[in-house]
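These notes concern the structure reproduced below.
Letters A, B, ... are given to chains in the order of the sequence lines, protein chains preceding strands, and every chain is numbered from 1. Worth saying up front: this structure is predicted, and the values here are computed from it rather than measured.
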Number of protein chains: 2
Amino acid sequence: MSNPRPRGLPKYLHVADYLRAQIDDSTYQPGDRLPTEPELMDTFPYDRATIRRGLAVLRNEGLITSEQGRGVFVRDATKTRYDLMSMLITDRSHPAKPDAAYNQPPRGPDDGLSIEHTYEVVAAGEKLGAAFELDPRSELLASTYTFFISGDTAEYRTVAYVPYPLVIDTPLATPSDDWPQPPIKDQLAGVGVKVTTVAVDIESRMPTPQESFDLQIPDGTPVLSDRRRFLADDRVVCITDSVGVADRIVYGLDLNLQ
Amino acid sequence: MSNPRPRGLPKYLHVADYLRAQIDDSTYQPGDRLPTEPELMDTFPYDRATIRRGLAVLRNEGLITSEQGRGVFVRDATKTRYDLMSMLITDRSHPAKPDAAYNQPPRGPDDGLSIEHTYEVVAAGEKLGAAFELDPRSELLASTYTFFISGDTAEYRTVAYVPYPLVIDTPLATPSDDWPQPPIKDQLAGVGVKVTTVAVDIESRMPTPQESFDLQIPDGTPVLSDRRRFLADDRVVCITDSVGVADRIVYGLDLNLQ
DNA sequence: AGAGATTTGTCCGTATGTATA
DNA sequence: ATATACATACGGACAAATCTC
């Protein structure tokens, strides 16, 4: 059955390592069901609580999901590549030679991609106000796009903030549902704002409970998030905050050096 | 003490929500010690196992760390910004207006940043071989840089792979310990390889056990990882794999549109 | 240096609830 | 309706690391 436990290794990590090795070597493949907890209690001379703790480790590593009444399954992980340049500069993506090592079939509406869109006027608040260098009570137009892949599973959400006075009485005050949207710098150019600089910060963290709920993020899955700040003459004219479910997305940046 | 538990909410989430709210509103600040488990058992009419499970939730969200014999502490989170462009194209960074909302003091050698460097010749193996479109038995020169911040805490590691035949008998075959290194495209130009395209893939995931050990990554912290592929006339001439501890780093990309 | 108290880590056994097959 | 399988919760015991006196 299972190898003897290395001296000093906690039992629950023994269980986790044993199963992780079998997931790594494809004994269990994405979608496969792992042995049930009682079955694992036959494999290991451990208590059920110990088995469960080992499974919790793998769940928090994003390798498995548990479904009550059904079993424990190996997570699937095909990813969508979001190209940074085409999101920032132009609508046309210019993919470099794709990396065969990444399993990233391009996705589009035909593959079940759907988009949900809402917008509202909100008060900036402390943090956003500071980022805009505006009073916290200033009004911002907040435009939210959520991307769903295959039904109710979300993979990406982006919120764009623009100072409301900047776009009031312009077409931007009533954003359209269309997708893809023109790049933000072009939209702003249409209302007379010339974006000179874009600054992007990309980070990774665990989701907040709200994000977990909204985007239906499974336990143990981080988010890839970014903030883009659009500057016109050192003035911040737009900020977008995006959150992607980390096991669903990849950010791409292709540079042609010629 | 604690608010009554909303109907239907598991007790352990009650504990987690209660403490998370206090971390969010700065009742407990980074570095502060949370109440001990026995103290929380006085606050809540729950069993110690239930309290501990609530703490585990916050640990897996990256909000706290536990230290045996000492207590539970709110995680600190000052981040270093790694500029993608300056890493790819030139040695000079050209920062845009920094975002005040991000607390990212720039770091350098003066702040305790130190670098460790090793290199070796390895067999490509299945996956890397496929990425290079080379035989899995091909030899690659692997050059590893690890960045440590304040002593033994690592924050970033990058491994650069180059087909060994490409650099054998050149200065690149014996990489120097210097830092910063010239950009890879310049290094390759020095041995007659003209890089035409760079493709970057950025993703986020939970660390492997090996990475957790090597980089001393605390529980519940994801990694921000990227793969850069350097192409010369559609031929892959270099691949770098980088891994950053997510609560220590931010990737930056600043574009001047003028 | 040592003893004891404190605090978190690991593990077991049991019971009950809830979703699924 | 029954069985299966995971989720939540309680209580107890001991170990390991740290701190204090």
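- A sub-4.0 Å separation between OP1 or OP2 of dT6(C) and a side-chain N or O of Thr36(B) is absent.
- Under the 4.0 Å criterion applied to side-chain N and carboxylate O atoms, Lys79(B) and Asp247(B) are not assigned as salt-bridge partners.
- The CG atom of Leu55(B) sits 14 Å away from the P atom of dT7(C) (whole-angstrom rounding).
- Side-chain atoms of Arg59(B) and Ser66(B) form a donor-acceptor pair, as typed in the model, at a separation below 3.5 Å.
- Residue Arg53(B) contributes atom CZ, which lies 7 Å from atom C1' of dA7(D) at whole-angstrom precision.
- Here dA5(D) presents its C1' atom at 10 Å from CZ of Phe73(A), a figure rounded to the nearest Å.
- OP1 or OP2 of dT8(D) sits under 4.0 Å from a side-chain N or O of Tyr12(B).
- Nearest-nucleotide assignment on DNA chain C puts the 5′-proximal partner with Pro38(B), out of Pro38(B) and Ala49(B).
- Salt bridge present: Arg227(B) and Asp241(B) bring a charged side-chain N and a carboxylate O closer than 4.0 Å.
- Put simply, NZ on Lys11(B) is 18 Å from P on dA7(D), counting in whole angstrom units.
- Put simply, OH on Tyr46(A) is 8 Å from P on dC11(C), counting in whole angstrom units.
- The interatomic distance linking Gln68(B) (CD) with dT8(C) (P) rounds to 10 Å, in whole Å.
- Regarding Asp47(A), its CG atom lies at a distance of 16 Å from the P atom of dA13(D), rounded to whole Å.
- Phosphate contact (OP1/OP2 of dA21(C), side-chain N/O of Arg70(A), threshold under 4.0 Å): present.
- Between Ser66(A) and dA5(D), a side-chain N or O to OP1/OP2 separation shorter than 4.0 Å is absent.
- For Glu61(A) and Arg20(A), the salt-bridge test passes: some basic side-chain N is under 4.0 Å from an acidic carboxylate O.
- The side chain of Arg33(B) contributes an N or O atom lying less than 4.0 Å from OP1 or OP2 of dT7(C).
- On a pure distance criterion of 3.5 Å, no polar donor-acceptor pair joins the side chain of Arg48(B) and the base of dG12(D).
- Between Leu58(B) atom CG and dT8(C) atom P the separation is 14 Å, expressed in whole Å.
- Using a 30° and 60° split on the angle between ring planes, Tyr82(A) and Tyr156(A) fall in the parallel class, below 30°.
- Contact between the side-chain N/O atoms of Arg52(A) and the OP1/OP2 oxygens of dC6(D) is not found at any separation under 4.0 Å.
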